[in-house]
J.: 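The structure that follows is given in the form of structure tokens.
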Amino acid sequence: LATTLERDRLTAAPNQLSEDERATTETTLVRLLGLDAAATGELHERLASDRAYVILARGIDPEMAARIRSAVGGKQLFGVALEPEPERVYPQAGGGPDTSLAAQLLGFVNRENVGQYGVEQYYQDTLAGSPRVLVARRDLSGRIQPETTQVRRPGETGQDLTLTLDAGLQLAVEQEVLAAWIADKAKSVSAVVIDPHSGEIYAEATYPSYDANRYREIAATAPGRFIDPVISSVYEPGSVFKMMTVAAAYGAGVVTPTTKIKDLGTLRLDGGRTKIDNANRKGMGWITFEDGIAYSRNVVAAKVALELGADLRQSSA
């Protein structure tokens, strides 16, 4: 679901460049990186600074890195260096358009290699380990001088983390919540698949979702999508809680799926001081317990719940 690839970041020492070298370097990088007008202006500002170290680009893949090295050798780039930098990627496509699989559950890792939201944030220390800290001098081109390197902290390698998610099931659930979102014109749709015996999560999805590989774009337009509503939002149980009543009733043997129950539309309790209504305030007459739950009849569920104990306190415990 998530992995780390080795990429490079392109750095420069603009305070060591002449005007001609800056102009040549800018022109070459615009061509190599295929920069648009906005990115070209940002590159120009960075190369025009008097700083000794600036980052010009990140996420440079091996093919582009080779082209940059060739340009350095051909005197088309000056004062630049490539430095290794890990990049977190999420390779599996999600069940909706422009999404990655289990995006809200996983979260993402930012440019500083810090987990944000979800599993990535919660298990940051386990996944990332601790960095190796070196102190060294750089030459005029920004390259580290090996003979000056000192290890301040050895660091620890991050560990892999195996989740209980079933990737195929996760994809199917994401497709289903997308279909429900479209069909019902919903603001948001969520679903969770849990093993009732172990508590393991096999799938957990919400739509709208996002592509964790493009989190910077989402942060600028719809940062609310980063929040996993299944974990972070508060809900009234509502009719979902009927499943608890069903499980308890079957377990206690007080009802079967075909037991007939009269749905009156309103059930009065405590001598008429309390009442329970169906959502539409109407009754369906004699129906099976199975149909009562399928139609989400509050009166049917309440009558069965009352069979679980001698009084309201016991039956709701």
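Along the sequence shown, residues are numbered consecutively beginning with 1.
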J.: If you round to the nearest 0.5 Å, how far is CG of D263 from CE of M284?
T.: 7.0 Å
J.: Do S296 and K242 get their side chains close enough for a donor-acceptor pair, meaning under 3.5 Å?
T.: yes
J.: Between E87 and R58, is there a salt bridge with N-O shorter than 4.0 Å?
T.: no
J.: How far apart are the closest heavy atoms of P229 and S190, and which atoms are they?
T.: CG-OG, 3.7 Å
J.: Can you check whether S49 reaches V54 side chain to side chain, under 4.5 Å on heavy atoms?
T.: yes
J.: Calculate, to the nearest 0.5 Å, the distance between atoms CG and CD belonging to L165 and Q170 respectively.
T.: 5.5 Å
J.: Is V177 reachable from I182 through a run of I, L, V, M, F, W or Y residues, each pair having side-chain heavy atoms under 4.5 Å apart?
T.: yes
J.: Has T11 got a side-chain atom pairing as donor or acceptor with I55's backbone, closer than 3.5 angstrom?
T.: no
J.: Rounded to the nearest 0.5 Å, what's the gap from OG1 on T259 to CD1 on I287? Could you check?
T.: 12.0 Å
J.: If you take all heavy atoms of D166 and G168, which pair is closest and at what distance?
T.: OD1-N, 3.0 Å
J.: Check step by step if salt bridge (charged side-chain N to carboxylate O under 4.0 Å, His left out) holds for K275 and D277.
T.: CA-CA 7 Å; K275 68 174 183 174; D277 295 317; 3.6 Å; yes
J.: For residues 31-41, which side-chain donor-acceptor pairs fall under 3.5 Å, sequence neighbours excluded?
T.:
unit_1 : atom_1 : unit_2 : atom_2 : d
D36    : OD1    : A38    : N      : 3.3
D36    : OD1    : A39    : N      : 2.8
T40    : OG1    : D36    : O      : 2.7

J.: My understanding is that only residues two or more places apart in sequence, or in another chain, count here; which of them pass ring-ring contact (aromatic ring centres under 6.0 Å, His included) with Y250?
T.: F289
J.: F226: what forms a ring-ring contact (aromatic ring centres under 6.0 Å, His included) with it, not counting sequence neighbours?
T.: F108, Y117, Y210
J.: So, does T28 use its side chain to make a donor-acceptor pair with the main chain of Q76 at under 3.5 Å?
T.: yes
J.: So how far is it from I227 CD1 to S233 OG, rounded to the nearest 0.5 Å?
T.: 7.0 Å
J.: If you take all heavy atoms of V300 and G292, which pair is closest and at what distance?
T.: CG1-CA, 4.1 Å
J.: Under a 4.0 Å threshold between the charged nitrogen and the carboxylate oxygen, would R46 count as salt-bridged to E42?
T.: yes
J.: Looking only at non-hydrogen atoms, find the nearest pair between R22 and P14 and report the distance.
T.: NH2-O, 2.7 Å
J.: Quick test of your reading of the model: are E21 and K75 salt-bridged, counting only N-O distances below 4.0 Å?
T.: no
J.: Can you see which heavy atom on V192 is nearest to which on I201, and at what distance?
T.: CG1-CD1, 4.2 Å
J.: Calculate, to the nearest 0.5 Å, the distance between atoms CD and CD belonging to Q116 and Q124 respectively.
T.: 8.5 Å
J.: Quick one: does any side-chain atom of E174 pair with a main-chain N or O of A102 as donor and acceptor, under 3.5 Å?
T.: yes
J.: Has the side chain of W286 got a donor or acceptor atom that lies under 3.5 Å from a matching backbone atom of I261?
T.: no
J.: Test salt bridge (charged side-chain N to carboxylate O under 4.0 Å, His left out) on R7 and E85 and set out the steps.
T.: CA-CA 5 Å; R7 293 287 188 254; E85 179 181 54; over 6 Å; no
J.: What's the separation between atom CG in L47 and atom CZ in F78, rounded to the nearest 0.5 Å?
T.: 12.5 Å
